[in-house]
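Here's the structure we're looking at; comments come further down.
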There are 2 protein chains.
Amino acid sequence: MFSVEKSKEIKSMFHDKGFKCTPQRLAVLKVLQDTSAYLSINTIHLKVKEFLPDTGLATVYRSLETLVDLNLVVKVHLEDGCHSYVIAPEGHRHPIVCTDCNKVIEFAEFPLDDLSKQISEDTGVQIKTHFLQLFGKCKECQA
Amino acid sequence: MFSVEKSKEIKSMFHDKGFKCTPQRLAVLKVLQDTSAYLSINTIHLKVKEFLPDTGLATVYRSLETLVDLNLVVKVHLEDGCHSYVIAPEGHRHPIVCTDCNKVIEFAEFPLDDLSKQISEDTGVQIKTHFLQLFGKCKECQA
DNA sequence: AGGTGATGGATAATTGTTTTCAGTAGAAAA
DNA sequence: TTTTCTACTGAAAACAATTATCCATCACCT
């Protein structure tokens, strides 16, 4: 059910942070790995229940929190206040969300580190992190 | 109670978009103008009630929606899912939020337009808008 | 001043998320 | 393996943020 080649390193990622490697958490991860698009909590819940029918909604919330903590998954903030989740891209990248079909089209590499440093120097504020999302229209929705 | 010099142009801003210029909406705007820091809905509600005691919470929500629509106020997304609001800065700027005292320290001018265009060309995605927030530690909280 | 439709207040309803609690099952030690 | 310990799960209740409903009222156009 879960890809064998990855399970070992995934398992040690859990252990390194003192988390347990449970089927529910792996299922949530698997669901996100299988669709590079971002998914709402409810969608994830439905998909997880396809092979773990007893999984509760609260567990999905908790699993996602854990996976975000492990940098395996990224939380996406939407305008209406709801959230969705995507599998984390390589490195620090920023999601481009299609305003029509509501999917994460891809991740942009946006070199903000230098700018952050500049701001830190200019303002005296220690910039630690940033949150950036781009919104646009994907190729398919342009047609 | 409300600054007279501004009230005329504010009034016409409402009318231009077909909104009515009501004391409640002006009160919400006034509260945000008086504290450049960002405020939660509840805080705004409390402050508004200081001089308009009968104002309901729902009205605060509705007024803020209107003011955001008029670009007079900016909605800030926080990590925990809640929102706060600040008076809109001149031009398109990005809030720097202090992770300690939870205030909008200031707005950074971050030239993202050129980068957005670049991304548009590279990916074929029509980038329309972006959402950027910076998180850091303000001078006071560094002490 | 009067008419009209947008707005406001109060409250209920909804929705997204978190907590609680008792039972279960990872993971490490015996 | 078996035991032991604790983190984890499922179900339901609790919570908090936001939205909808209803009717009265007020802003504003004529």
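The analysis underlying the following values was restricted to heavy atoms, covering all of them including side chains, and did not include hydrogens, waters or symmetry mates. The chains referred to below are lettered A, B, ... by the order of the sequence lines, with proteins before strands, and numbering in each begins at 1.
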Checklist line | Stepwise side chain to side chain contact (heavy atoms under 4.5 Å, CB included) check, B:Ile87 with B:Leu29 | finding: CA-CA 8 Å; B:Ile87 201 75; B:Leu29 180 60; 3.5 Å; yes

Next item on the list: Applying side chain to side chain contact (heavy atoms under 4.5 Å, CB included), run through A:Phe14 and A:Thr66 and close with a yes or a no.
Entry: CA-CA 9 Å; A:Phe14 279 102; A:Thr66 305; 4.1 Å; yes

What is the distance from [atom1] of [X] to [atom2] of [N], rounded to the nearest Å?
X       : N      : atom1 : atom2 : result
B:Asp54 : C:dG8  : CG    : C1'   : 10 Å
B:Ile44 : D:dA17 : CD1   : C1'   : 14 Å
A:Leu70 : D:dA7  : CG    : P     : 16 Å
B:Lys75 : D:dA17 : NZ    : P     : 14 Å
B:Phe14 : D:dC29 : CZ    : P     : 14 Å
B:Leu64 : D:dA17 : CG    : C1'   : 13 Å
B:Lys17 : D:dC28 : NZ    : P     : 18 Å
B:His15 : D:dC29 : NE2   : C1'   : 10 Å

Expected list for residues 42-56 of chain A: side-chain donor-acceptor pairs under 3.5 angstrom, two or more places apart:
from	atom 1	to	atom 2	distance (Å)
A:Thr43	OG1	A:Ser40	OG	2.9
A:His45	NE2	A:Thr55	O	2.9
A:Thr55	OG1	A:Leu52	O	2.7

Notebook entry, point to check: Any donor-acceptor pair under 3.5 Å linking the side chain of A:Ser120 with the backbone of A:Ile127?
Noted result: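 A pair under 3.5 Å: yes.
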
Checklist line | Expected output: side-chain A:Gln142 to main-chain A:Lys137 donor-acceptor under 3.5 Å | finding: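 Answer holds: yes.
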
To the side chain of [X], which of [options] is closest?
X       : options               : value
B:Gln24 : D:dC8, D:dA17, C:dG8  : C:dG8
B:Leu57 : D:dT18, D:dT9, D:dA7  : D:dT18
B:Arg62 : D:dT21, D:dT18, D:dT9 : D:dT21
B:Lys20 : D:dA27, D:dC8, C:dG8  : D:dA27
B:Thr55 : D:dA17, C:dG8, C:dG9  : C:dG9
B:Thr22 : C:dA27, C:dT7, D:dC8  : C:dT7

Notebook entry, point to check: Which distance, rounded to the nearest 0.5 Å, do you find between the CD1 of A:Ile10 and the CZ of A:Arg25?
Noted result: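 Between atom CD1 of A:Ile10 and atom CZ of A:Arg25 there are 13.0 Å.
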
Next item on the list: May I ask you to verify if any side-chain N or O of B:His83 is less than 4.0 angstrom from the OP1 or OP2 atom of D:dT18?
Entry: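 Yes.
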
Margin query: Can you work out whether B:Ala58 or A:Tyr61 has the more 5'-proximal nearest nucleotide on DNA chain C?
Written below: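 Its nearest nucleotide lies further toward 5', so the answer is B:Ala58.
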
Next item on the list: Quick one: label A:Arg25 by what it contacts on the DNA or RNA (base, sugar-phosphate, nothing), any heavy atom closer than 4.0 Å.
Entry: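 Result for A:Arg25 = sugar-phosphate.
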
Next item on the list: In plain terms, say whether B:Lys117 and B:Asp113 are close enough for a salt bridge, that is, a side-chain N and a carboxylate O under 4.0 Å apart.
Entry: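 No.
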
Checklist line | Partner set under salt bridge (charged side-chain N to carboxylate O under 4.0 Å, His left out) for B:Asp69, not counting sequence neighbours | finding: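 If we apply the salt bridge (charged side-chain N to carboxylate O under 4.0 Å, His left out) test to B:Asp69, skipping adjacent residues, the hits are B:Lys17.
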
Check: Starting at the 5' end of DNA chain D and moving along, which residue's nearest nucleotide shows up first, B:Asn42 or A:Gly18?
Finding: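 Going by which nucleotide is closer to the 5' end, it is A:Gly18.
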
Note to self: Tell me the bend of the helix from C:dA1-D:dT30 to C:dA30-D:dT1 as the angle between end helix axes, each from five pairs, rounded to the nearest 10 degrees.
What the structure shows: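 If I round to tens, the end axes sit 40° apart.
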
